[in-house]
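Letters A, B, ... mirror the listed sequences (proteins, then strands); counts begin at 1. Just so you know, these numbers come straight off a predicted model, no measurement behind them.
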2 protein chains.
Amino acid sequence: MERRLTQRGRARRTELMTCAARLFSDQGFHSTSVSDIVNTLGVGKGVFYWYFPSKDDLFIEILRGANRDLRRRQQAAIGDEPDPLVRIELGIRATMQWFHEHRSSFTLIQFARTDDRFTDVLAQNQEVAIGDAVRHIKDGIVAGEIADQVPEVLAEAVVGVTERLARTYLLERDEPVTEVADAAVAFCLNGLKG
Amino acid sequence: MERRLTQRGRARRTELMTCAARLFSDQGFHSTSVSDIVNTLGVGKGVFYWYFPSKDDLFIEILRGANRDLRRRQQAAIGDEPDPLVRIELGIRATMQWFHEHRSSFTLIQFARTDDRFTDVLAQNQEVAIGDAVRHIKDGIVAGEIADQVPEVLAEAVVGVTERLARTYLLERDEPVTEVADAAVAFCLNGLKG
DNA sequence: TGGTGCCTTGACCGAGTGGTCGAGATTTCC
DNA sequence: GGAAATCTCGACCACTCGGTCAAGGCACCA
């Protein structure tokens, strides 16, 4: 199924992906037809099926790409910071910033959770994300900075707060990122310290 | 649009709603056709459109019903408990228990968030839920039991933790409700105290 | 017995979908 | 130049869906 692509081909491919991502996020996955996508780009339908085997596959690739990007951003933000609590704080802030800049991805992930065809990809993504957080939390517990609870549960709680505040205040109300991040960090760090 | 219904009619109506809710939650809203619903019940398609003007309307009514039910449950659990922090704890526990018993509703709400046609109903529901929580939090701040932060943000954080832990541990992994509720309560109360 | 609403049926409709394909344009490389 | 590979086109296909409707059944009352 893998195709050999020229440089021009790769450009088209990403063009299709970004265009589709925007449409999916704006109108929803089901309400966006393949025709919508190719019409928006002003190309024929054959173009789409030259680069992607199906609409579902395209969506899955979009999801994977988004996750890869978010994770890179988190790791870059954390760098080699030694203090586990600070690492978590930096992670939360980087995530907020990323959600702010990639609102459409947020919507896409939300949707993917409601459709069995995509839950697998999402589960993989989540596993990685939670794994990252768990590592920092374990370090924090060892260092005595975090309550001695099941690390994974704490990680889920932190992610829950971050996602929820991102949705309500960044996506729905467009409030300043830093303030939202401050609130998330404050709540989470207290929740973790116990 | 309101119909006069006999007792038998009302029964059919709820029969349709519960059947549809189960199918929507199992296979997704889009993947469940009106034909699926009526076939499952072994009736003709006309029956559906006798009781509901459209598939969307049915879904909206299901959402409203679910929310009404959850709120009743929360209020019953809280009763006339005077301590704001305890009220919040009771609310979280009641919510967990309800999600545990109404898994399908959880999935439905998740989906509704991703479709513009339903975001209005959901927004109304959310407003009420957050409003309830905010009241308790304000009381807690006045009593000096809760950090002096914007009450609404704290409420959103609490809801975020509760929803996330419910999804991961109740829906996906089927862990014991009490333990999940304990974890949510512990994290949230610490987060609130500041 | 006949009439009046409530309820049920399922064939049918138009719209729209994801996906195919043969034909042709364009680029690449010898 | 010309062959091969990459890419583009859009009519077309098979199918599904939400929703309609003329027709008929059924319960109850006069």
Can we say [X] and [Y] salt-bridge, meaning some charged N sits less than 4.0 Å from an Asp/Glu carboxylate O?
X         : Y         : answer
Glu81(A)  : Arg93(A)  : no
Glu163(A) : Arg167(A) : no
Arg87(B)  : Asp132(B) : no
Glu15(B)  : Arg12(B)  : yes

query: Could you run down nucleotides 12-23 of chain D 5' to 3' and tag each one B, S or - for protein heavy-atom contact under 4.0 Å?
result: -----SBBB---
Rounded to whole angstrom units, what separation is found between the [atom1] atom of [X] and the [atom2] atom of [N]?
X        : N       : atom1 : atom2 : result
Arg13(B) : dC7(C)  : CZ    : C1'   : 15 Å
Leu5(B)  : dA27(D) : CG    : P     : 18 Å
Asn39(A) : dT17(C) : CG    : P     : 10 Å
Arg10(B) : dC7(C)  : CZ    : C1'   : 15 Å
Phe52(A) : dT20(C) : CZ    : P     : 15 Å
Gln7(B)  : dC6(C)  : CD    : C1'   : 14 Å
Trp50(A) : dA23(C) : CH2   : P     : 17 Å

- prompt: What nucleotide, of dC7(C), dT8(C), dT27(C), holds the atom closest to the side chain of Arg8(A)?
  reply: dT27(C)
task: Using side-chain contact (heavy atoms from CB on, under 4.5 Å) as the criterion, point out the one residue from Leu170(A), Val177(A), Ile92(A) that pairs with Gln97(A).
output: Val177(A)
query: Looking at Phe29(A), does the NZ or CZ of Lys55(A) lie under 6.0 angstrom from its six-membered ring centre and within 45 degrees of the ring axis?
result: yes
- request: Establish, with yes or no, whether the OP1 or OP2 oxygen of dC7(C) is under 4.0 angstrom from a side-chain nitrogen or oxygen of Thr6(B).
  value: yes
